[in-house]
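I have placed the structure first, in the form of structure tokens, so that the comments after it can refer back to it.
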Amino acid sequence: MENLLKSENNDSSVSGFSAVDPLYGFIPRKMKTQGVVKLIEGDVSLFTNKSHTPQYKKILKTRKSLPVYAQMEQFYKMYDENQIIIMVGETGSGKTTQIPQFVCYSDLPHVSGKLVACTQPRRVAAMSVAKRVADEMDVTLGKQVGYSIRFEDMTEPGTTFLKYMTDGMLLREAMYDPDLKRYSTIILDEAHERTLATDILMGLLKTLAKRRSDLKLIIMSATLDALKFQKYFSLIPGESAPLFKVPGRTHPVEVFYTVEPEPDYVEAAMRAVLMIHRAEDPGDILLFLTGQEEIEDACRKIKLEADDLVKHNPGSVGPLVCVPLYSSLPPQQQQRIFDPAPPARAGGPPGRKVVISTNIAETSLTIDGIVYVIDPGFSKQNVYNPRIRVESLLVSPISKASAMQRAGRAGRTRPGKCFRLYTEKDFMTELDEQTHPEILRSNMANTVLELAKLGVKDLVHFDFVDAPAPETLMRALELLSYLGALGEDGNITPLGAKMAEFPLDPQLAKMLIVSPEFSCSNEILTIVSMLSVPNIWIRPNYLLKQADAAKNSMTIPDGDHLTLMNVYNIYQRNKFDKNWAYMNYLSGRSLQQAENVRVQLERMMERQEIKLVSMTDEWKLSQGIRKSLICGFFMQIAHREGENDSYVTVKDDQIVSLYPSCGLNKRPEWVVFNEFVLTTRPYIRTVTQIQPEWLLELAQEYYNLSEFKNAEYTTALKRAQAKLGKRSLEIERNHNDQGGGSTSTNKGKGSKKSKKL
DNA sequence: GAGCACTGC
């Protein structure tokens with residue numbers, strides 16, 4: 001966000017352009033193709049006034065061989081005549097690198113003073129494409145061409161005119177400048193992936209295009225979705241937005257199906273690997289499975305079988321190496337996917353590499369040299385159930401689009417083969433065309449708050465490409481009004497506006513904002529940071545005891561939130577040493593990330609003048625921390641009821657168990673939890689003990705007991721209320737008015753409003 | 001007594 005503030009005074013005169021410039025006279029959006037070609041092929045850069053290097057000329061040759069380059073004239077014609085265009089270009093078309101450059105030669109950002117933005121769903125993509133394009137344009141990365149991702153702003157205000165960025169980053173910018181005035185053209189790349197951020201951006205930009213006739217939009221997507229986007233972005237009712245199509249350049253992939261459905265896809269996949277290894281030409285294999293355990297298991301078994309094969313028929317098959325790939329794997333081990341296949345034994349057949357991967361290899365990571373893809377047709381997908389407010393991971397059949405993407409991974413370097421472990425009939429009739437977009441599968445609390453901050457409060461009439469379920473929106477509105485982020489009128493409150501500034505879930509943002517009132521914002525900042533990163537605990541199968549012992553030594557028995565804080569503090573005392581983390585069975589990567597998040601959030605607190613305070617009295621501090629927790633998570637409370645130490649969630653009445661890794665040394669009657677997960681059973685994860693009186697004090701509206709149904713926890717809460725009433729009378733008598741944080745929390749005024757939806 | 005598809009701010 002700093003970059004936003006700095007870039008406000010984006011002055012075209014500092015970009016090296018002046019009236020005596022030999023190129024003076026070019027007018028934005030009036031460029032002719034021949035003129036552009038001349039400039040690109042000329043000796044002097046239009047954008048830097050410097051001579052092109054030999055390197056530039058060399059890269060230009062490759063650029064000119066890209067399919068998209070041959071269609072420059074056609075592109076400019078469509079671009080000149082339309083405000084919005086949809087573009088499809090398959091892998092290898094060069095669209096991501098070339099189209100933004102074409103746009104720059106038309107928009108002349110160094111003349112207009114405006115920027116061209118190109119969004120990507122992933123950070124690595126934004127970084128690597130920006131680097132490539134900077135090379136192609138003969139400029140230093142971070143000068144004329146840069147990128148902007150969380151924690152890293154590689155742009156120079158006033159100089160950068162072509163900016164690659166994550167879609168989430170552009171969404172953030174829109175919160176501060178809803179008209180996105182700094183941009184002349186916005187390109188949404190990989191729109192077919194339908195990330196939450198891309199979907200929201202599409203809605204905002206469609207509306208914005210009507211307000212800003214000078215803003216151009218290019219939506220780049222895979223072929224299958226083009227028609228949907230064409231209709232959505234139509235400016236004239238009944239008509240479609242124009243489509244610009246570029247052929248891709250990949251090798252053909254032959255697809256095979258099984259004759260009969262496979263009852264056990266893991267077993268079938270392993271057979272397929274060995275079949276390929278025995279019978280097919282050299283070339284590496286990529287096998288898609290659904291998760292870490294399945295992958296590690298398959299790796300072990302395939303290794304055994306392959307060794308067996310070699311033992312019995314030495315000389316007939318080459319060596320086989322299995323490489324697992326999933327996101328929580330340490331980067332160093334992820335790198336192994338790029339190792340070459342094992343060499344042949346003397347005189348024997350060549351070796352082969354098998355990468356067994358989650359969906360990460362479908363879009364995020366590209367492995368060269370893959371010739372065979374095995375696709376069992378499943379992946380794990382996150383599904384949100386608004387009724388019980390729970391997200392869960394389910395193994396589900398993939399979509400046709402996903403199956404095609406997987407097959408394509410076999411044809412990147414030469415013609416390949418894809419073995420689908422399902423029948424052709426099932427492919428045709430059982431698979432959905434597209435993967436359900438994220439917006440239909442997610443908790444929307446965060447997004448609804450962002451939209452409110454952007455001035456969108458009428459969600460029912462917001463022009464979504466695909467509208468989320470009304471119940472999901474209702475849940476989000478309900479939460480936000482109880483948190484005090486939305487007022488009775490549905491408008492964002494000052495508190496809500498503050499919350500929206502933080503890149504956090506609303507509950508976490510709320511708890512951070514109120515924490516100074518409990519004199520523990522320093523601690524809450526740490527806890528919030530730790531809660532925003534992936535699991536920090538590492539538990540290798542062969543070192544379970546050691547890992548658990550290390551964890552126990554850091555555990556605070558009052559609650560997992562406090563333990564997380566403790567771990568961070570020890571990490572800090574050990575000078576943020578990765579080696580210390582490793583020795584203590586902690587994920588260095590996650591801790592480093594928590595450190596980054598903490599720095600970012602601390603800066604944001606400073607800007608919002610939220611004080612960083614702490615207390616020395618340990619008991620008081622622990623109470624303050626837990627009270628802050630409740631201000632954000634009063635809707636995530638469970639009460640111990642019945643046998644087997646099980647708990648019941650308040651109001652939702654779900655029977656849940658403490659997650660096995662929970663560090664509480666006893667079973668407290670009341671707990672606040674961070675997460676409700678549904679795996680083999682319903683669990684609550686990251687749990688801390690609390691007092692019921694705090695609920696009544698800090699979340700009065702939500703804990704209006706007269707509206708509670710008769711339940712064990714209702715009785716217990718009423719008991720607490722009676723105790724509290726007696727105590728408050730005593731307090732009144734003593735004229736003691738040091739009540740604390742209850743004034744800060746919202747009384748949930750807006751809750752009635754949200755129920756109307 | 002058990003799990004973490006994948007992104008992003």
Side-chain angles (χ1 to χ4, degrees), chain A residues 1 4 119-126 148-153 165-176 190 193-201 288-296 325-329 357-365 378-383 391-396 398 402 405 435-439 441-442 446-447 449-450 453 499-506 508-509 529 532-541 544 547-548 587 589-590 593 596-597 600-601 604 644-645 657-663 675 677-685:
Chain A
M1 250 76 30
L4 260 181
T119 68
Q120 297 292 322
R122 283 169 291 279
R123 298 162 50 98
V124 247
S148 173
I149 58 179
R150 187 183 186 183
F151 305 129
E152 201 182 349
D153 177 19
M165 63 206 301
T166 45
D167 47 13
M169 210 63 198
L170 186 61
L171 196 55
R172 287 259 125 197
E173 287 194 9
M175 280 179 22
Y176 298 90
E190 315 285 5
E193 288 195 25
R194 304 290 305 275
T195 66
L196 201 48
T198 297
D199 262 35
I200 301 300
L201 280 171
F288 286 100
L289 291 179
T290 63
Q292 175 177 342
E293 199 179 314
E294 210 174 78
I295 288 169
E296 294 290 359
L325 177 63
Y326 43 88
S327 73
S328 59
L329 212 57
S357 170
T358 59
N359 255 5
I360 192 170
E362 196 178 298
T363 46
S364 307
L365 270 169
F378 293 97
S379 72
K380 274 191 190 170
Q381 287 176 26
N382 201 0
V383 189
E391 293 181 295
S392 43
L393 274 179
L394 293 175
V395 173
S396 329
I398 60 170
S402 189
Q405 176 75 21
T435 309
H436 256 29
E438 212 182 339
I439 197 166
R441 294 184 284 121
S442 318
N446 228 330
T447 307
L449 183 60
E450 276 168 14
K453 169 94 186 185
M499 286 164 60
E501 296 222 8
F502 288 101
L504 294 169
D505 278 343
L508 292 172
S529 305
S532 331
V533 302
N535 186 17
I536 55 162
W537 310 103
I538 291 180
R539 234 175 144 237
N541 270 331
L544 294 180
D548 289 349
S587 160
R589 193 160 42 149
S590 289
Q593 215 176 323
N596 289 344
V597 174
Q600 187 191 31
L601 295 179
M604 292 177 155
N644 307 329
D645 286 337
S657 310
L658 298 186
Y659 199 73
S661 62
C662 174
E675 221 181 346
V677 288
L678 197 59
T679 54
T680 48
R681 285 199 282 165
Y683 284 110
I684 50 176
R685 192 153 59 184

Q. Who pairs with A:Y683 by side-chain hydrogen bond (donor to acceptor under 3.5 Å, both in side chains), at least two apart in sequence or on another chain?
A. none

Q | Nearest-0.5 Å distance that lies between atom CE in A:M165 and atom CZ in A:R150 | A | 14.5 Å

Q.
For the CG atom of A:L601 and the CG atom of A:L504, what is their distance to the nearest 0.5 Å?
A. 5.0 Å

Q: Select from A:L544 and A:N446 the residue whose nearest nucleotide in DNA chain B is closer to the 5' end of that strand.
A: A:L544

Q: Select base, sugar-phosphate, or nothing to describe what A:R122 touches, counting heavy atoms under 4.0 Å on all strands.
A: sugar-phosphate

Q. Using a cut-off of 4.0 Å on non-hydrogen atoms, how would the nucleic acid contact of A:L393 be classed: base, sugar-phosphate, or nothing?
A. base

Q | Between B:dC9 (C1') and A:Y176 (OH): distance, integer Å | A | 10 Å

Q) Nearest to the side chain of A:S364, which nucleotide is it out of B:dC6, B:dC9, B:dA2? A) B:dC6

Q) Which part of the nucleic acid, if any, lies within reach of A:T166 when heavy atoms closer than 4.0 Å are counted: base, sugar-phosphate only, or nothing? A) sugar-phosphate

Q: Describe the nucleic acid contact of A:F502 in one word from base, sugar-phosphate, nothing, applying a heavy-atom distance below 4.0 Å.
A: nothing

Q) With side chains defined as the heavy atoms from C-beta onward, is the minimum distance between A:E675 and A:I684 less than 4.5 Å? A) no

Q: Please determine if a side-chain N or O atom of A:R123 lies less than 4.0 Å away from the OP1 or OP2 oxygen of B:dC9.
A: yes

Q | Presence of A:T363 side-chain N/O under 4.0 Å of B:dC6 phosphate oxygens OP1/OP2 | A | no

Q) B:dC9 P sits how many Å from A:N596 CG, rounded? A) 12 Å

Q: Pick base, sugar-phosphate or nothing for A:L171, based on heavy-atom distances below 4.0 Å to the nucleic acid.
A: nothing

Q. For A:Y326 and A:E293, does a side-chain donor sit closer than 3.5 Å to a side-chain acceptor?
A. no

(Q) What is the separation between atom CG on A:N535 and atom P on B:dC6, rounded to the nearest whole Å? (A) 13 Å

Q | Side-chain N,O (A:T358) to OP1/OP2 (B:dC6) below 4.0 Å | A | yes

Q.
Check the phosphate of B:dT7 against A:T195, side-chain N and O only, distance under 4.0 Å to OP1 or OP2. Yes or no?
A. no

**Q.** Protein-nucleotide distance (A:D153, atom CG; B:dG8, atom P), rounded to Å
**A.** 17 Å

Q: Answer with base, sugar-phosphate or nothing: what part of the nucleic acid does A:Q292 contact at a heavy-atom distance below 4.0 Å?
A: base

Q.
Distance check needed: B:dC4 C1' versus A:I360 CD1, whole Å only.
A. 13 Å

Q: Could you tell me the separation between the CZ atom of A:R194 and the C1' atom of B:dC6, rounded to a whole number of Å?
A: 17 Å

Q | Shortest side-chain distance from A:Y683, nucleotide among B:dT7, B:dG1, B:dC9 | A | B:dG1

Q) In whole angstroms, how far is the P atom of B:dC9 from the CD atom of A:Q593? A) 10 Å

Q: Give A:N359 one of three labels, base, sugar-phosphate or nothing, depending on what nucleic acid heavy atoms sit under 4.0 Å from its own.
A: nothing

Q) Have A:E190 and A:T198 got a donor and an acceptor in their side chains that come within less than 3.5 Å? A) no

Q: Would you state whether a donor and an acceptor, one from the side chain of A:R539 and one from the base of B:dA2, lie under 3.5 Å apart?
A: yes

Q.
Can you measure A:M165 atom CE to B:dG8 atom C1' for me and round it to whole angstrom units?
A. 13 Å

